[in-house]
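Working notes for the structure below.
Both ligands and their constituent atoms are indexed starting at 1 by order of listing. The first residue in the sequence is number 1, and the count goes up from there.
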Amino acid sequence: MKILLKAFRNGLGALIALISRLIPVKKVKRDAEAQAVADKKAQDIELYQFFACPFCIITRRVIRRLNINIVTRNAQTRGGMYREEMMKETGKVQVPCLKITENGKVTWMFESADIKAYLEKEFG
Ligand SMILES: N[C@@H](CCC(=O)N[C@@H](CS)C(=O)NCC(=O)O)C(=O)O
């Protein structure tokens, strides 16, 4: 029963993720120079996530709207390197989570509301 519920939840999440991808967002517009600066800054950020997690879907929409490329890392697969890394470095697996590397210093940021606020401050 538990396994069925989990499959249903994942299936529904995946469907919502796909629908969300199809719904356009109004992207932030920048001139080429500002876009290059944003692109460079975004290279320091990775999004640890599950494809079908609703909080991750919302976070990916924020990223699309802000018109930046942030690499996504699959933290769902058990035994996968990103899940293991997150567990080792933060003591838990919770997504979405940003890994921000600035001048060699790594910061892990949890909570979709905090992530949204941070991204909007940096790229809005
Ligand atoms: N309040 C958190 C909730 C995040 C959350 O519940 N994430 C779930 C996935 S939807 C999670 O990380 N679960 C851990 C797991 O399934 O191992 C947020 O807004 O980011």
Notebook entry, point to check: Where's the contact between F50 and ligand 1, heavy-atom distance under 4.0 Å: side chain, backbone, both or neither?
Noted result: side chain
Next item on the list: Considering heavy atoms of the protein only, find what lies nearest to atom 6 (O) of ligand 1 and give residue, atom and distance to 0.1 Å.
Entry: F55 CE1, 3.7 Å
Note to self: Starting from atom 9 (C) of ligand 1, what is the nearest protein heavy atom, named by residue and atom, and what distance separates them?
What the structure shows: C53 SG, 3.7 Å
Notebook entry, point to check: What residue and heavy atom of the protein are closest to atom 14 (C) of ligand 1, and at what distance?
Noted result: V93 O, 3.5 Å
Next item on the list: Specify side chain, backbone, both or neither for Q49, according to which of its non-hydrogen atoms lie closer than 4.0 Å to ligand 1.
Entry: neither
Note to self: Could you check whether any side-chain heavy atom of V106 comes within less than 4.5 Å of a side-chain heavy atom of E89, counting everything from C-beta outward?
What the structure shows: no
Next item on the list: Can you sort out which atoms of ligand 1 are near S112, meaning under 4.0 Å from one of its heavy atoms?
Entry: 18 (C), 19 (O), 20 (O)
Notebook entry, point to check: Of all the heavy atoms in R83, does at least one lie under 4.0 Å from an atom in ligand 1?
Noted result: yes
Next item on the list: Identify which one of T72, I57, T59, I63 satisfies the side-chain contact (heavy atoms from CB on, under 4.5 Å) criterion when paired with P96.
Entry: T59
Checklist line | Protein contact to atom 11 (C) of ligand 1 [nearest heavy atom, distance to 0.1 Å] | finding: V95 N, 4.0 Å
Notebook entry, point to check: Does one side chain, of D31 or Q35, offer a donor that lies under 3.5 Å from an acceptor on the other?
Noted result: no
Note to self: Below 3.5 Å, N or O to N or O, backbone or side chain included: is there any such pair between Q94 and ligand 1?
What the structure shows: no
Next item on the list: Side-chain contact test, heavy atoms from C-beta onward, threshold under 4.5 Å: evaluate it for E46 versus L98 and give yes or no.
Entry: no
Margin query: So V71 and I45, do their side chains get closer than 4.5 Å, heavy atoms only?
Written below: no
Next item on the list: Among all protein heavy atoms, pick the one closest to atom 1 (N) of ligand 1 and tell me residue, atom and distance.
Entry: E111 OE1, 2.7 Å
Item checked: Side-chain H-bond candidate by donor/acceptor type, T77 with R83, under 3.5 Å -> no
Check: Mind checking whether V62 and F123 have side chains closer than 4.5 Å, heavy atoms only?
Finding: no
Item checked: Distance-only side-chain donor-acceptor flag, Q49 / R73, under 3.5 Å -> no
Checklist line | Close-contact set for ligand 1 against P96 heavy atoms, below 4.0 Å | finding: 20 (O)
